[in-house]
**Q** 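Would you mind keeping the following structure in view while I ask a few things?
Letters A, B, ... mirror the listed sequences (proteins, then strands); counts begin at 1. Being a predicted model, the structure only gives us computed values, none of them experimental.
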2 protein chains.
Amino acid sequence: MAEKGPSRQRRGRPRQAEVARLAGVSQTTVSLVLGGNKQGIALHEDTRARVLAAARELGYVPDPAARRLAAARNNLLGVFSFTATFPTAVEHSYYPILVGVEQEAAAQGYDLVLFTGSSPGGAQAGDPGALNRVRLADGCLFLGRHVPDDQLRKLVVDGYPAVHIGRRDELEGLAWVGADYVAASAEVVRRLSALGHRRIVLVREDDDAPASTDREHGFRTALAECAGPRAADDPSAVVRTTHPADDITPGWVRDRLAQGVTAFVAEETDSGAAWRALHTAVAAAGLDAPDDLSLALLGSPPADLAAARPPTGFDIPRAELGAAAVRMLTAQLSGEEHTEPLVACGFRAGSTAGPPPGRTG
Amino acid sequence: MAEKGPSRQRRGRPRQAEVARLAGVSQTTVSLVLGGNKQGIALHEDTRARVLAAARELGYVPDPAARRLAAARNNLLGVFSFTATFPTAVEHSYYPILVGVEQEAAAQGYDLVLFTGSSPGGAQAGDPGALNRVRLADGCLFLGRHVPDDQLRKLVVDGYPAVHIGRRDELEGLAWVGADYVAASAEVVRRLSALGHRRIVLVREDDDAPASTDREHGFRTALAECAGPRAADDPSAVVRTTHPADDITPGWVRDRLAQGVTAFVAEETDSGAAWRALHTAVAAAGLDAPDDLSLALLGSPPADLAAARPPTGFDIPRAELGAAAVRMLTAQLSGEEHTEPLVACGFRAGSTAGPPPGRTG
DNA sequence: TTGTAGGCGTTATCAA
DNA sequence: TTGATAACGCCTACAA
């Protein structure tokens with residue numbers, strides 16, 4: 001298997017020792033000069049010049065492996081997603097985050113190592129050591145809700161620098177960054193309230209992911225502020241639906257309207273099921289937003305609905321989220337502790353919300 | 001600056017020595033066991049098991065830098081793109097290529113390191129050492145046309161395994177993989193010819209990128225076969241347009257038709273300008289493909305036109321391109337030389353081409 | 001101001 | 001079958 005071959009391709013590459021010989025100084029001096037002389041040690045301008053000249057003549061470039069070995073760090077940040085890093089389907093959720101991760105990592109001088117849950121090195125889904133590969137990097141970012149708790153906990157306990165993207169409180173000691181769904185959802189409700197809406201219904205998926213829970217929390221909090229505690233505690237203010245959302249029908253929408261509801265809010269999820277169902281039901285009922293009722297989306301619309309009228313709601317700053325994760329990780333690496341975990345979502349005015357019908361805004 | 005802090009954050013990262021202690025063997029033995037025992041040295045099944053267990057317990061992972069320093073390889077493949085690997089403008093995205101790169105790399109047991117071109121560490125655009133970081137990996141893939149020649153040449157001259165994705169002949173000795181635009185473009189012309197078209201016009205951008213040149217070359221070659229050398233040499237058979245393509249107007253289309261042209265071919269580019277212009281002009285002229293004329297696209301339609309009727313043309317197998325690049329790189333690593341550099345593009349029947357009007361196919 | 005020496009974590013060559 | 005020992009190229013006290 002080409003065991004013997006012309007491997008060791010390092011061949012003709014000059015090392016500091018050769019530069020030293022050519023310049024007539026010691027290898028240490030070369031390291032000092034070429035290393036930028038961090039410790040502010042004084043050296044002859046002469047020596048400096050000779051070394052530089054010799055290095056240029058030989059075309060010297062430092063060996064990154066050696067450099068990193070000596071420095072006890074490799075300037076590598078890991079990115080681990082339990083599913084493939086480049087899934088064909090999930091493209092929409094992770095890609096924008098990676099954009100931010102890459103930018104911030106580059107800005108801070110780190111390169112990225114991509115680990116996939118289903119990679120080789122004997123790292124299958126069930127493998128209890130699957131996560132260990134990330135130790136190769138100085139620290140690692142974790143994406144997705146399916147990262148196994150126990151393995152992650154082991155890394156954290158060992159003091160390995162890790163940051164989870166997405167709120168993750170259950171795992172004690174694990175740093176995370178997440179979108180501030182609570183505040184953003186509350187803001188949407190406040191805007192609707194400012195338009196005159198009092199009875200508002202939230203359509204969410206039947207799932208206890210933090211992302212869903214946080215949205216409901218923000219929704220209820222703001223509702224309590226705007227419409228009083230009774231409105232917020234009303235169980236019918238929040239509807240849990242399944243995927244597909246068979247219960248969100250034109251009839252259901254009409255019923256609600258008849259009961260005085262004037263605005264509907266849906267959460268964004270991977271599938272976009274809640275928003276899609278609401279959208280479809282409203283259209284099928286022959287109703288139109290914002291004239292007959294107001295609609296808002298707690299997140300961004302799925303790609304196939306993006307062409308439609310932009311929904312009122314908020315945008316998750318995914319790139320910013322990635323960048324924030326990198327910042328938190330590098331803060332850990334340099335000994336400083338946590339930076340801000342919550343990233344604010346910007347309100348998106350959109351055009352699916354307006355004053356309730358029969359009322360002048 | 002965090003210069004002094006509790007750096008040396010290698011902290012808990014276990015090394016072979018600790019595994020050795022735990023397993024009650026020498027560090028050498030650990031290396032032997034964990035290294036896969038390449039030299040076929042015999043060792044007790046007992047020892048082996050103990051070492052493996054200890055390594056797993058400690059979560060041992062070899063240090064890539066040390067590995068590379070000592071053995072000149074670390075099972076890491078680099079991916080370097082001079083611009084961001086994850087650009088915001090989706091159309092420029094390398095994403096589909098990376099999908100293939102990741103899959104093939106995983107299949108061959110390599111992890112991926114993403115080197116971002118715009119990284120500091122003193123690695124700005126002008127920095128002559130920006131590319132040097134890649135030497136940490138066993139070999140590297142290069143993406144995009146803006147990889148600086150001189151630095152890349154240095155790597156190649158030093159014998160560093162590198163593969164460029166996209167044809168790159170100018171750089172002597174640099175291996176590359178690319179889509180076979182020549183053959184694919186020729187095939188499209190042949191199909192059109194088989195339908196009965198004789199006068200065909202190619203709309204391309206005014207750019208001398210290999211991708212454009214190759215398409216024209218294939219176009220002219222096939223045209224010579226099908227319609228004779230006169231047709232192929234006719235300067236009006238190829239139109240160079242700029243971005244935006246103001247010259248591709250409804251009037252221009254009609255003119256051409258009046259002169260006997262029955263089919264138009266556009267090249268795919270980053271911007272999609274040529275195809276978009278053609279598309280728009282034809283529609284504005286009140287014409288329709290394939291009834292009034294035939295259209296073909298040398299590539300895939302831009303995202304915003306993907307919903308329209310699928311154009312006749314070919315698909316660039318981007319994932320396959322990535323996989324081919326990895327194969328070529330690993331071939332270099334194992335001493336074997338070049339594998340096939342050209343990746344075939346599949347013909348896409350689409351539905352914008354048919355027999356010329358007034359003729360029975 | 002410069003040089004000497006030791007170590008970073010692995011692999012590889014020999015002895016034992 | 002296993003264990004010293006010497007690289008690999010660079011960094012960094014510390015000594016001169």
**Q** Taking atom types as modelled and ignoring hydrogens, do the side chains of Thr28(A) and Ser31(A) form a donor-acceptor contact shorter than 3.5 angstrom?
**A**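 Thr28(A) vs Ser31(A): no donor-acceptor pair found between side chains.
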**Q** Please tell me which of the listed nucleotides, dT2(D), dG9(C), dT13(C), lies nearest to the side chain of Leu43(B)?
**A**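 Taking heavy atoms from C-beta onward, the closest nucleotide is dT2(D).
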**Q** Output yes when at least one side-chain N/O atom of Ser31(A) is less than 4.0 Å from OP1 or OP2 of dC11(D), else no.
**A**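 Checking Ser31(A) against dC11(D): at least one side-chain N or O falls below 4.0 Å of OP1 or OP2.
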**Q** Just to confirm, is there a sub-4.0 Å distance from OP1 or OP2 of dT2(C) to any side-chain nitrogen or oxygen of Thr47(A)?
**A**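 Result: yes.
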**Q** Does OP1 or OP2 of dG9(C) have a side-chain N or O of Arg67(B) closer than 4.0 Å?
**A**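 Negative; the distance criterion is not met.
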**Q** Closest-nucleotide mapping onto DNA chain D: is Arg48(B) or Leu32(A) further toward the 5' terminus? I mean the 5' end.
**A**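 Per heavy-atom nearest nucleotide, the more 5' residue is Arg48(B).
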**Q** Aromatic rings Phe80(A) and Phe142(A): how do their planes relate, parallel, tilted or perpendicular, breaks at 30° and 60°?
**A**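 It falls in the tilted class, 30° to 60°.
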**Q** Measure CZ/Arg21(B) against P/dG3(D) and give the value in whole Å, please.
**A**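 After rounding, the reported distance stands at 14 Å.
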**Q** Rounded to the nearest angstrom, tell me the gap between atom CG in Asn74(A) and atom P in dC10(D).
**A**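 Checked: the CG to P distance equals 17 Å.
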**Q** Mapping Ala66(B) and Val25(B) onto DNA chain D by nearest heavy atom, which one lands closer to the 5' end?
**A**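 Nearest nucleotide further toward 5': that of Val25(B).
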**Q** Hey, does the side chain of Ser26(A) come within less than 4.0 Å of dT2(C)'s phosphate (OP1/OP2), counting only N and O?
**A**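 No, outside the criterion.
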**Q** Just how far, in rounded Å, is C1' of dG9(D) from OH of Tyr60(A)?
**A**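 Atom-to-atom, Tyr60(A) to dG9(D), this comes out as 7 Å.
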**Q** Would you kindly compare Gln27(A) and His44(A) by the position of their nearest DNA chain C nucleotide and give the one closer to the 5′ end?
**A**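 With Gln27(A) and His44(A) compared, the 5'-side residue is His44(A).
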**Q** For the pair made of CD1 in Ile41(A) and P in dC11(D), what is the distance, rounded to whole Å?
**A**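 To the nearest whole Å, that distance equals 13 Å.
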**Q** Whether Gln16(B) contacts dT11(C) is assessed here as follows: a side-chain N or O lying under 4.0 Å from the phosphate OP1 or OP2. Is that the case?
**A**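 Yes.
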**Q** Remember a base hit wins even if backbone is also touched, and classify Val30(B) as base, sugar-phosphate or nothing at under 4.0 Å, heavy atoms.
**A**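 The residue Val30(B) makes no contact with any strand.
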**Q** Does the pair Lys154(A)/Glu57(B) count as a salt bridge with the N-to-O cut at 4.0 Å?
**A**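 Salt bridge absent between Lys154(A) and Glu57(B).
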**Q** For Thr116(B) and Glu102(A), test the side chains for any donor-to-acceptor distance below 3.5 angstrom and give the result as yes or no.
**A**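 Side chains of Thr116(B) and Glu102(A): no pair found under 3.5 Å.
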**Q** Between Arg135(B) and Asp158(B), is the closest basic N to carboxylate O distance under 4.0 Å?
**A**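 The answer is yes: the pair qualifies as a salt bridge.
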**Q** Counting only side-chain heavy atoms from C-beta out, which of dT2(D), dG7(C), dT2(C) sits nearest to Thr29(B)?
**A**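 So the side chain of Thr29(B) is nearest to dT2(D).
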**Q** Given atom CD of Glu45(A) and atom C1' of dT1(C), what is their separation to the nearest angstrom?
**A**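 Rounded to the whole Å, the gap is 13 Å.
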**Q** Rounded to the nearest angstrom, tell me the gap between atom CG in Leu69(B) and atom C1' in dG9(D).
**A**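 For the pair Leu69(B) CG and dG9(D) C1', the rounded distance is 6 Å.
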**Q** Quickly work out the Arg73(A) CZ to dC11(D) P distance and round it to whole Å.
**A**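 About 14 Å, once rounded to whole Å.
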**Q** Report the nucleotide, chosen from dC8(D), dC10(D), dA5(C), that has the shortest atom-to-atom distance to any side-chain atom of Ala70(B).
**A**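 From the listed options, dC8(D) comes nearest.
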**Q** Find the distance Arg68(A):CZ to dC10(D):C1' and express it as a whole number of Å.
**A**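 Distance check: Arg68(A) CZ to dC10(D) C1' gives 13 Å.
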